There are 2 protein chains.
Amino acid sequence: MTQINKSKAVGCCEELSVLVQPELFKALSDPNRLVLLTTLSERMEPSTVSEAAECCSVDMSVVSRHLATMRNAGLLISEKRGREVYYSVPRQVLADQLRAMADALESCCSTEEESEDD
Amino acid sequence: MTQINKSKAVGCCEELSVLVQPELFKALSDPNRLVLLTTLSERMEPSTVSEAAECCSVDMSVVSRHLATMRNAGLLISEKRGREVYYSVPRQVLADQLRAMADALESCCSTEEESEDD
DNA sequence: TGTTTATTTGCGTCATTATGCAAACATCTT
DNA sequence: AAGATGTTTGCATAATGACGCAAATAAACA
């Protein structure tokens, strides 16, 4: 039983490397973007760029870029309706992604030395 | 019963704002730092700065700074033994933190519209 | 069609950050 | 003490990123 069953033997941390990409965290590394993200997350319905721009004191063009950055990183989804673009947070998807990271981190070369040794 | 029970009525996404800090993601936003982090995560035992520096082709002084940055962000723990500094990844702590984010994101203003409506 | 409204893009500027080198510092060894 | 080894720090430079403004694009409306 020298093998850990909850992760592969060779390259057990591959999943982690795949999940952990700089682009994702880069998109989360700016204070204004984080405010935008949490603000959008609080709202039950998608927000337009103009609505989102109310939360921080930067130019709307900057907000537009920030939102696009987060969309490209998979942190937001956008839908164009007429001349407005509605942004929203795919919370369930992101939550699952975070948990996948947590799992990968835990099972990475067996964090816990098998407490269940029945 | 217009209230959602799995989260507070006022500011139900406060937890998210607390958990989601730019410093953490800033520390994760650099490719070399991510390589360092995943490399350290793969190793069962703490690594010295010199050992960690093998994974990427930058100067050791740069690695030293990167490791310190991640330590300050809570991504690494360090222990000095003699003239060497051993870095390791607090995987369980980080995994719990990621799951806390996932939970906060999910419960933020109730992602799922109360399936249990007795 | 011309005008208003919403968003994006080009561009110059300023701030931040990553990097390498050399020097400093700390610790171990002889 | 003197030298060797491991790590950090000061500093200059280059790369990256955030920002605002103005112009461009897109869509609604008169």
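When reading the values below, keep in mind they use all heavy atoms of this one structure, side chains included, and skip hydrogens, waters and symmetry mates. Keep in mind that this is a model prediction, so the values were computed, not measured. Here is how names work: the chains are called A, B, and so on, in the same order as the sequence lines, proteins then strands, and each is numbered from 1.
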Shorter than 3.5 Å, N or O on both sides, protein versus nucleotides 22-27 of chain D: list them out with atom names.
none

Worksheet item: How far does CD of B:Gln92 sit from CG of A:Leu105, to the nearest 0.5 angstrom?
Response: 8.5 Å
Worksheet entry | Gap between atom CZ of A:Arg71 and atom OG1 of A:Thr69 - 0.5 Å precision | 9.0 Å
Worksheet item: Can you check whether B:Met70 reaches B:Leu67 side chain to side chain, under 4.5 Å on heavy atoms?
Response: yes
Item to complete: Find out whether B:Val20 and B:Phe25 are in side-chain contact, i.e. whether some heavy atom of one side chain is under 4.5 Å from a heavy atom of the other.
Response: yes
Worksheet, complete the sentence: Between A:Lys26 and B:Ser29, the two heavy atoms sitting closest are CE-O, 3.2 Å
Discussion item. Is the terminal nitrogen or CZ of A:Arg81 (NZ for Lys, CZ for Arg) located under 6.0 angstrom from the six-membered ring centre of A:Tyr86 and within 45° of that ring's axis?
Written reply: yes
Worksheet item: Expressed in angstrom and rounded to an integer, what is the separation of B:Leu36 atom CG from C:dA18 atom P?
Response: 12 Å
Practice prompt. Return the value, rounded to whole Å, for the distance between atom CE of B:Met70 and atom P of D:dT8.
Written response: 12 Å
Would you list the protein and nucleotides 16-18 of chain D atom pairs, both N or O, that sit under 3.5 Å from each other?
from: D:dA18; atom 1: OP1; to: A:Arg33; atom 2: NH1; distance (Å): 2.9
from: D:dA18; atom 1: OP1; to: A:Arg33; atom 2: NH2; distance (Å): 2.5

Worksheet item: Okay, side chain of A:Ser41, backbone of A:Leu37: is any donor-acceptor separation there less than 3.5 Å?
Response: no
Practice prompt. May I ask you to say what A:Tyr87 touches in the nucleic acid, namely base, sugar-phosphate or nothing, with a heavy-atom cut-off under 4.0 Å?
Written response: sugar-phosphate
Worksheet item: Do B:His66 and B:Val62 pass the side chain to side chain contact (heavy atoms under 4.5 Å, CB included) test, and can you show the C-alpha distance, the side-chain angles, and the key distance before you say yes or no?
Response: CA-CA 6 Å; B:His66 278 327; B:Val62 173; 3.5 Å; yes
